[in-house]
Amino acid sequence: MSGSLVECVPNFSEGKDARKVDGIAASIASVEGIAVLDVTLDPDHNRSVITFAGPPEAAAEAAIRAVARAVESIDLNSQAGVHPRIGAADVVPFVPLRNITLQACAGLATVAGEQIWRRLGVPVYLYEAAARRADRVNLEDIRRGGFEKLRERVASDPRWLPDFGGAALHPTAGAAAVGARKLLVAFNINLNTPEVGIARDIAKKIRASSGGLPCVKAMGVRLESRDLAQVSMNLTDFERTPVSRVFAEVRDLAGTHGVAIAGCEIIGLIPKKALEGAEEWLPLVEGFRPEMILEDKLKIVPLE
């Protein structure tokens with residue numbers, strides 16, 4: 001459709017070597033019509049998130065090239081971090097921005113996923129709106145146990161066979177989860193304690209899967225480089241459950257442990273609407289700048 005605009009936010013299992021991540025970003029930018037909007041690295045998670053946007057077909061090609069570069073440069077056998085992962089290019093979501101539906105993005109994910117397998121030999125699991133099975137809608141269900149467990153499961157249990165690929169993962173790049181979803185906010189809250197058990201307790205209480213806040217995914221991790229515990233979250237519908245509500249809940253739960261908030265992080269870009277009611281938490285966001293607002297960065301995307 002003329003004027004259609006798609007965002008893609010692939011996550012890669014490399015957050016320490018900026019040269020590798022820059023190479024992946026360059027492969028994305030090599031596709032005509034694509035604008036790289038943001039590159040974020042996290043050494044403790046050992047993960048990077050690249051946000052780019054462009055017309056649908058160009059976005060699919062850019063995603064495939066990004067996975068190709070990740071396959072060349074990332075070996076999961078020697079990679080480790082606090083964030084679960086199944087692939088060098090771990091997750092590749094397509095997000096509708098303008099003049100395109102979520103279902104059309106699911107179709108785009110399916111096309112890209114098949115090409116990732118055919119061109120690169122990386123098995124693909126389709127998730128969220130692109131999922132072909134109910135047990136693959138939630139990304140965490142696919143990723144539970146990480147690369148190492150998935151490698152065992154796919155070889156021994158037909159239920160774990162990918163949507164594209166066979167009974168073996170790529171030996172160094174694992175598999176990729178490719179899908180379509182709505183805009184989300186990746187939001188982390190750092191606690192002024194190294195006790196990861198506190199972060200895990202808070203994460204369990206607030207995540208939707210445990211009966212907590214709707215549309216919140218959360219896990220507790222320890223940031224070795226900073227000697228802090230972190231509640232790492234994805235807010236999959238920030239209109240239903242605003243960032244301000246999540247922040248207040250984490251703050252109050254931390255308070256019951258006698259722990260204060262050390263700071264907050266936004267990973268990637270944040271939609272302007274998600275900043276409503278941000279008076280309390282926004283000043284705590286480390287390194288926040290207006291360029292982190294999605295709508296502002298989209299101004300650099302060339303119109304068709």
> Do you know the tightest heavy-atom contact between Gly179 and Ala109?
Replying inline: O-CB, 3.5 Å

>> For Glu291, is there an ion pair with Lys297 - N to carboxylate O distance below 4.0 angstrom?
In response: no

> So, for Cys215 and Ala208, which heavy atoms are closest and what is the spacing to 0.1 Å?
Replying inline: N-CB, 3.8 Å

> For the residue pair Pro123 and Pro162, what are the closest heavy atoms and their distance?
Replying inline: CB-CG, 3.7 Å

>> Test of understanding: clusters of I, L, V, M, F, W, Y form through side-chain heavy atoms closer than 4.5 Å, transitively. Do Leu228 and Ile202 belong to the same one?
In response: no

> Can Leu223 be reached from Val196 by stepping across I, L, V, M, F, W or Y side chains whose heavy atoms are under 4.5 Å apart?
Replying inline: no

>> Suppose we screen for side-chain hydrogen bond (donor to acceptor under 3.5 Å, both in side chains). Which residues come up paired with Asp296, at least two apart in sequence or across chains?
In response: none

>> Would you compute the distance between atom CG of Leu282 and atom CG of Leu284 and round it to the nearest 0.5 angstrom?
In response: 8.5 Å

> Out of curiosity, does Leu213 fall in the hydrophobic cluster containing Met233 (side-chain heavy atoms, cut-off under 4.5 Å, transitive links)?
Replying inline: yes

>> Applying side-chain hydrogen bond (donor to acceptor under 3.5 Å, both in side chains) as the test, list every pair that has at least one member in residues 11-22; sequence neighbours left out.
In response: Asn11-Arg47

> Of the non-hydrogen atoms in Val92 and Ala63, which two are nearest, and what is the gap between them?
Replying inline: CG1-CB, 3.9 Å

> Hey, are Arg118 and Glu114 close enough for a salt bridge, meaning a charged N less than 4.0 Å from a carboxylate O?
Replying inline: yes

>> For residues Val39 and Ile24: do they belong to one hydrophobic cluster (side chain heavy atoms under 4.5 Å, members Ile, Leu, Val, Met, Phe, Trp, Tyr)?
In response: yes

> Within a reach of under 6.0 Å around CD of Glu286, are more than 12 heavy atoms found that belong to other residues, nucleotides or ligands?
Replying inline: yes

> Cut-off 3.5 Å, side chains only: do Ser4 and Arg98 have a donor facing an acceptor?
Replying inline: no

>> I need the minimum non-hydrogen distance between Gly23 and Arg69, along with the two atoms involved.
In response: O-NH1, 3.4 Å

> By salt bridge (Lys or Arg N to Asp or Glu O under 4.0 Å), which residues pair with Arg207, not counting sequence neighbours?
Replying inline: none

>> Could you list the cluster mates of Val49? Members are the ILVMFWY residues connected by side-chain heavy atoms closer than 4.5 Å, either directly or through other members.
In response: Val9, Ile267

> Does Arg132 have any side-chain hydrogen bond (donor to acceptor under 3.5 Å, both in side chains) partners at least two apart in sequence or in another chain, and if so, which?
Replying inline: none

>> Can you see whether Phe147 has Arg151 sitting over its ring - NZ or CZ less than 6.0 Å from the centre and within 45° of the normal?
In response: yes

>> For the CD1 atom of Ile261 and the CZ atom of Phe247, what is their distance to the nearest 0.5 Å?
In response: 5.5 Å

>> Could you go through Glu224 and Arg222, starting from their C-alpha distance and side-chain angles, then the distance that decides it, and tell me whether this counts as salt bridge (charged side-chain N to carboxylate O under 4.0 Å, His left out)?
In response: CA-CA 6 Å; Glu224 293 289 344; Arg222 187 167 187 270; 2.6 Å; yes

>> Between Arg133 and Glu128, does any NZ, NE, NH1 or NH2 come within less than 4.0 Å of an OD or OE carboxylate oxygen?
In response: no

> Is it true that the side chains of Gln115 and Glu61 contain a donor and an acceptor less than 3.5 Å apart?
Replying inline: no

>> On a heavy-atom basis, which atom in Leu41 and which in Ser48 lie closest, and how many Å separate them?
In response: CG-CB, 4.1 Å

> If you group Ile, Leu, Val, Met, Phe, Trp and Tyr by side-chain heavy-atom gaps below 4.5 Å, do Leu235 and Met292 land in one group?
Replying inline: yes

>> Going by side-chain hydrogen bond (donor to acceptor under 3.5 Å, both in side chains), name the residues that satisfy it together with Thr40, two or more places apart in sequence or in a different chain.
In response: Asp38

> Thinking salt bridges, do Lys182 and Asp237 make one under a 4.0 Å N-O criterion?
Replying inline: yes

